[in-house]
2 protein chains.
Amino acid sequence: MTTESIKRGTDWLAGAGLRPTRQRVALAELLVGDGQHRHITAESLYASASERTDGVSLATVYNTLKAFSEAGLIREIMVDGTKSYFDTRVDDHPHFFWEDDGHLTDAPKEQLEISALPDAPAGTEISKVDVVIRVRRT
Amino acid sequence: MTTESIKRGTDWLAGAGLRPTRQRVALAELLVGDGQHRHITAESLYASASERTDGVSLATVYNTLKAFSEAGLIREIMVDGTKSYFDTRVDDHPHFFWEDDGHLTDAPKEQLEISALPDAPAGTEISKVDVVIRVRRT
DNA sequence: CTCGATGCAAAGAATTTGCATTAGT
DNA sequence: ACTAATGCAAATTCTTTGCATCGAG
């Protein structure tokens, strides 16, 4: 929790017009404090927050992730079905889903080329294209 | 429940070496009885089965879907996070996910062309690539 | 006959919600 | 001060499990 990471977290919240409460700043710091992208679940974030003195309840972690997600700060990714994953990187990009332990990593966007995409059905528009590459340890 | 649809269901089960019990045949018939592909959830299949005289408990629907899935007869698709969807079409193909009402349809496979796919991380192999095209009514 | 399959109800896991309390602006 | 945000526990939703019973081979 350096001054720098706190600033990053606070600015990130400000950018979305979210009130910088103590717990939001703490979570924001864990998410973007080091400027790196991160893949998390409600449980994993709760665990990280609990390791520090910042007390944040699990319900608040859920509510906050939802708020961040609605504000466009993070993006929810569907891969597992049993839990929700969130990504601090919000542009459209593919993911690797490690089937063995259920974790998620970014896949290089430049290496994915979709040369043809099915047309959206009449009366609809594409809002997002999810590409999940499931990998398994050999 | 024609002789024909019952035969389709029974053969389908036999092909996977699954014992053709009364409830499995009933569910198999609902799934592949008309030779069409189908996207279902445990709840929707349970609802269909309940409309008929075939009594099948919800727990059995869940267990059976899992058994069918493990036998490779159907495939689970991750899109929603809140429920599991299954597809009777088991080859790799893209889907449209209708965000408005949360239903799923097949997208034409021929219209999807992936000209480059990220390499699997060292020590892993790709088991499957999921492409979900989220659409929204305009 | 012998096990695998089923049914039910109870257990579980992930997430949401109601409501009183706390804390930004 | 005025409200939005929080914390907790209770409620929900989806899914799995334990165990006695049933039925296909």
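In what follows, chains carry the letters A, B, and so on, assigned in the order in which the sequence lines appear, proteins first and then strands, with residues in each chain numbered from 1.
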Would you mind reading off the distance between [X] atom [atom1] and [N] atom [atom2], rounded to a whole angstrom?
X	N	atom1	atom2	result
A/N63	C/dC19	CG	P	16 Å
A/K83	C/dT15	NZ	C1'	13 Å
A/E43	C/dG12	CD	P	16 Å
A/R22	C/dT22	CZ	C1'	10 Å
B/L65	C/dT6	CG	P	12 Å
B/F68	C/dT6	CZ	C1'	13 Å
B/L18	C/dG4	CG	P	14 Å
B/E70	C/dA5	CD	P	11 Å

Does [N] have its OP1 or OP2 closer than 4.0 Å to a side-chain nitrogen or oxygen of [X]?
X	N	value
B/T60	C/dG7	yes
A/Q23	C/dT22	no
A/T82	C/dA13	no

Side-chain ion pair, [X] and [Y], N-O less than 4.0 Å:
X	Y	answer
B/D87	B/R38	no
A/R75	A/D92	yes
B/R134	A/D130	yes

Exercise. Contact boundaries of DNA chain D with chain A (under 4.0 Å, heavy atoms), 5' to 3'?
Worked result: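 Taking any atom under 4.0 Å from a heavy atom of chain A, the span is D/dA4 to D/dA9.
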
Problem set entry | More than 12 heavy atoms of other groups within 6.0 Å of A/K7 NZ |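 No, the 6.0 Å shell around NZ holds no more than 12 heavy atoms from other groups.
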
Exercise. Which of parallel (below 30°), tilted (30 to 60°) and perpendicular (above 60°) describes A/H39 and A/H93?
Worked result: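 It falls in the tilted class, 30° to 60°.
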
Exercise. Are the side chain of B/S115 and the backbone of A/E113 linked by a donor-acceptor contact shorter than 3.5 Å?
Worked result: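 Confirmed, B/S115 side chain pairs with A/E113 backbone.
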
For this session: Mark yes or no for whether A/T138, through its side chain, and B/G123, through its backbone, hold a donor-acceptor pair below 3.5 Å.
Result: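 It does hold such a pair.
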
Problem set entry | Contact nearer the 5' end of DNA chain D, comparing B/A59 with B/R19 |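 Residue closer to the 5' terminus by nearest nucleotide: B/A59.
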
Exercise. DNA chain D: B/K66 or A/V61, which has the more 5' nearest nucleotide?
Worked result: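 Between the two, 5'-proximity favours A/V61.
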
